[in-house]
Each structure stands twice: as structure tokens, then as C-alpha cells.
Amino acid sequence: MPEEWVDFKSVKAKVSMETVLSHYDVRLRRVGAGEFRGKCPLPTHSSARSNDSFSVSFIRNAWSCQSASCIAARSGRLGGNVFDFVAEMERCSIREAALRLDRSLAENLLPLATPVNKEPVHYTSENRPLSFTLRNIDHQHSYIVSRGLTEQTAWYFGVGYYDGNGFLRGRVVIPIHNEHGELVAYSGRAIDQTEPKYRLPAGFRKSHVLFNLHRAIQSRDNTLILVEGFFDTFKVHQAGHHNVAALMGSKLSDCQTDLIATYFNQVILMLDADQAGKAATTAAATSLSSMIRVQIVELGLGSQPDQLGSKEINQLLGGLAHDLSSPDR
Ligand SMILES: [Zn+2]
């Protein structure tokens, strides 16, 4: 018998996590914009202790369970999409889960995903995790020193001069991760006046990630300090603020807005004080302030965080960041 055909993409576009959760009568509480949390409904979940380990993002149309029992039962996987969820609930394959959803849709047993919000955006699937890491990176290269980074900072971020082969040869490479901490690209900074100043792999969507977001999330701070570039991030981190992430440009995309609002309830905008940065600050403040609290750091005209020392950065952030930082850092 020929295998029944199923269009994964089309099914995925029609079925939201919201629909699937209500189908299984899973009740969660809202913990942020489009973020819900509660008791894990999966049959793989065997821990009685972790009662609040299951979280769902309607924005990313994804779920995860942080319980060690559940992760181990799923061979180390933290979560997934609608197919993974149905497959776990029904104890069937991903393909079978897609088929069941497709049939339910055809028989009108499932409501279609409501297009109230825009189509669910799958940030991470656009920028697929890399299957390699670059080796022999020099964290003490003179360019890095000249930008005011300590060796420890460079090592921490994995930043260094790359002398190997490929399109990043002879550049300072900066590893970029998605919000889950998966390495998705390297950016290569020219160490002289060579253009382009930054090189990124073809097809990489920088509007779908925020540089250093995964570490900012891990800092467990409710506040995110948002800067423009890689070196701004390094300097703010070096000044003692681990809750920092960068736009990798001056424009805040819709995806980035959603990412920030998903993980933080306050943002401090610390963008460059040039014309582009000022415009970006206004635009970012407008789109973020409908969802979370926004504060703005006023830098001196023409100044940008990567040119500042730790003392100046701390003075600027002053009461803003410190009052809100978690005490255990
Ligand atoms: Zn679980």
C-alpha cells in the first residue's frame, strides 16, 4: 500500500499550539506576551516534583518541558512544534501525528489557526543550527585588544581572529546563537578597512535573532539591555551586565520585538547616539512599549557603547539596570 501523502508545511500553517492544547484540554497560565506555563501534560513526564515545567510560546508556535525526566524520555530534546507535541501525546511518529492532524482538519474536527496575529513565525527554522564550530581562534589578537576587550571577554563570547579557510579567513569571528543557545552563524569582522565590515553567511536572517539573547535569558533578569552591535554587547557585558543583547544593526524587526517581549518585561534601549540610532530608538520604543516597559539611555551626541569604558557604561546605566538586576550576580 502506498504511503499516505501529507503536506507538513501546510498542516503546520493551519494548526496552532493553541488549538492543539485546547484539543487535549491542557490549561496553562499566561506568564508573558504569548507565553504560557504550567503542568506538563505529556505521557513522557514522570517527575511528580516538576509541576510547572511546561511552557508554550504562541508566538513561536512551540513548546518545551524543562523537567529532567521528560527531557531524558525524549532523548535530550527539550521541546518542539505541534507535530512533536501530538506525537508525544499520541505516542506515535511525527509523520503519523501530521497525518492525524491533517485528517482532523479535513473532517473539521480542529478549528483552523486563527489569523488574528500574523502567521506563526519560526525563527529558528530559518537559521538552522550549524553542524560545525570553528577551531584555532585567537582570542588575544591585537584587533580584539585594540577594541578594548579583555582576553576573558573574548574567550567568553568565543570571539577571535580566524586564520583558517573559507569566507571568514583573516577576520575576527563572532559566533551567533539563537535564543535556545544553538550556534546558527559566525559573523566575520574585517580587521582593517576591508569591505564589507561584517560578513555573514548567505541566507542568514539576522532579523530573526538577537545577538547574545540566549545568555541574556540565562541571566534570569527581567530586564534586557538592548544595543546595536557585537562590540557594544561585549563592552556592556564587560561592565558587569549579562542581560544584554544586540540588534546586529539599527532596525528592530517584528521577530526581534516578539523575542524580547517573550522573555523580558522591561527593556533598556542603549542604541548609538547618531542619526540612525536615534531614529531606531524612537521606532523600537514605539513598538516595544505596547508590550513591555521601555527605558532609554541617553548617550552623548555621536557616542556609542563600544567606545565607552566600564565606568562610563555603569554611570549611564546607573540606577536603571542595577535596581532591577537580580541580587545573585
Ligand atoms: Zn514534561
Side-chain angles (χ1 to χ4, degrees), residues 12 15-94 96-98 100-101 104 109-111 113-114 116-117 120-125 177-182 213-224 242-243 245 258-267 291-293 324-329:
K12 203 169 169 184
V15 185
S16 67
M17 270 313 291
E18 199 170 357
T19 304
V20 172
L21 289 176
S22 80
H23 176 74
Y24 290 105
D25 202 22
V26 179
R27 311 225 172 138
L28 306 169
R29 63 172 206 285
R30 189 176 177 278
V31 290
E35 284 280 305
F36 294 79
R37 181 173 273 278
K39 196 163 179 272
C40 178
L42 300 175
T44 46
H45 196 95
S46 60
S47 165
R49 276 178 300 134
S50 32
N51 254 327
D52 201 34
S53 56
F54 186 75
S55 54
V56 173
S57 164
F58 286 176
I59 297 162
R60 289 180 291 116
N61 217 25
W63 60 274
S64 67
C65 174
Q66 302 289 339
S67 163
S69 73
C70 222
I71 296 168
R74 295 198 311 274
S75 320
R77 277 179 303 125
L78 217 65
N81 58 26
V82 282
F83 299 136
D84 301 297
F85 183 78
V86 172
E88 295 295 350
M89 290 300 281
E90 304 285 336
R91 296 178 184 272
C92 67
S93 69
I94 302 283
E96 181 58 33
R100 287 186 195 192
L101 286 171
S104 300
L109 296 173
L110 279 178
T114 40
V116 189
N117 293 317
V121 189
H122 302 280
Y123 308 108
T124 47
S125 60
H177 302 78
N178 61 24
E179 75 271 27
H180 308 300
E182 294 165 314
L213 183 68
H214 66 300
R215 296 191 191 94
I217 293 168
Q218 280 165 17
S219 78
R220 296 188 175 275
D221 208 304
N222 292 324
T223 302
L224 178 74
H242 295 192
N243 52 328
D258 289 342
L259 280 171
I260 295 170
T262 299
Y263 292 102
F264 299 91
N265 51 31
Q266 167 157 291
V267 65
M291 294 183 276
I292 57 172
R293 193 161 168 237
L324 295 146
S325 300
S326 49
D328 57 345
R329 247 190 304 117

Checklist line | Non-hydrogen atoms of V15 and N61 that approach each other most closely | finding: O-ND2, 3.5 Å

Next item on the list: Walk me through it: do C70 and L42 pass the test side-chain contact (heavy atoms from CB on, under 4.5 Å)?
Entry: CA-CA 8 Å; C70 222; L42 300 175; 4.1 Å; yes

Next item on the list: Report yes or no: does T223 contribute a side-chain atom to a donor-acceptor pair with the main-chain N or O of V267 at less than 3.5 Å?
Entry: no

Next item on the list: Please answer whether the main-chain N or O of D52 pairs with a side-chain N or O of R37 as donor and acceptor at a distance below 3.5 Å.
Entry: yes

Margin query: So which atom in R30 and which in G34 form the shortest heavy-atom distance, rounded to 0.1 Å?
Written below: NH2-N, 4.5 Å

Notebook entry, point to check: Hey, mind stepping through E35 and T262 against side-chain hydrogen bond (donor to acceptor under 3.5 Å, both in side chains) and telling me if it holds?
Noted result: CA-CA 6 Å; E35 284 280 305; T262 299; 4.5 Å; no

Check: With under 30° as parallel and over 60° as perpendicular, where do the rings of H177 and H214 fit, or are they tilted in between?
Finding: tilted

Check: Would you say the side-chain atoms of W63 pair up with the backbone N or O of G79, donor to acceptor, closer than 3.5 Å?
Finding: no

Check: Taking the side chain from H23 and the backbone from D25, do they hold a donor-acceptor pair closer than 3.5 Å?
Finding: no

Checklist line | Residue pair V86 / A97: nearest heavy atoms and the distance that separates them | finding: CG1-CB, 3.7 Å

Check: Looking at C65 and C40, what are the two nearest heavy atoms and their distance?
Finding: SG-SG, 3.8 Å

Next item on the list: Work out which heavy atom in K12 is nearest to a heavy atom in V82; give both atom names and the distance.
Entry: CG-CG2, 4.4 Å

Next item on the list: Measure the spacing between CD of E179 and CD1 of I260 and express it to the nearest 0.5 Å.
Entry: 12.0 Å

Notebook entry, point to check: Which pair of non-hydrogen atoms, one from I59 and one from A33, has the smallest distance, and what is that distance?
Noted result: CD1-O, 3.2 Å

Check: If you measure from CZ on R27 to OG on S22, what distance do you get to the nearest 0.5 Å?
Finding: 10.0 Å

Next item on the list: Would you indicate whether R29, at its atom CZ, is surrounded by more than 12 heavy atoms from other residues, nucleotides or ligands within a distance under 6.0 Å?
Entry: yes

Notebook entry, point to check: Is a side-chain donor or acceptor of S50 paired with a backbone partner of S53 at a separation under 3.5 angstrom?
Noted result: no

Note to self: I'd like to check P41 versus Y24 (side-chain heavy atoms, cut-off strictly below 4.5 Å). Are they in contact?
What the structure shows: no

Notebook entry, point to check: When rounded to the nearest 0.5 angstrom, what is the spacing between CZ in R91 and CE in M89?
Noted result: 10.0 Å

Notebook entry, point to check: When rounded to the nearest 0.5 angstrom, what is the spacing between CE in M17 and CZ in F36?
Noted result: 11.5 Å

Check: Is I292 close to Q266 at the side-chain level, that is, under 4.5 Å between some pair of heavy atoms?
Finding: no

Check: Between CG of N222 and OH of Y263, what distance do you get to the nearest 0.5 Å?
Finding: 14.5 Å

Next item on the list: Give the C-alpha distance, both sets of side-chain angles, the deciding distance and a yes or no for side-chain contact (heavy atoms from CB on, under 4.5 Å) between F85 and V56.
Entry: CA-CA 11 Å; F85 183 78; V56 173; over 6 Å; no

Notebook entry, point to check: CD/Q218 to CG/N243 distance, rounded to the nearest 0.5 angstrom?
Noted result: 12.5 Å

Check: If only atom types and distance count, is the side chain of D221 paired as donor or acceptor with the main-chain N or O of L224 below 3.5 Å?
Finding: no

Note to self: Using side-chain heavy atoms (C-beta onward) and a distance below 4.5 Å, is L213 in contact with F264?
What the structure shows: yes

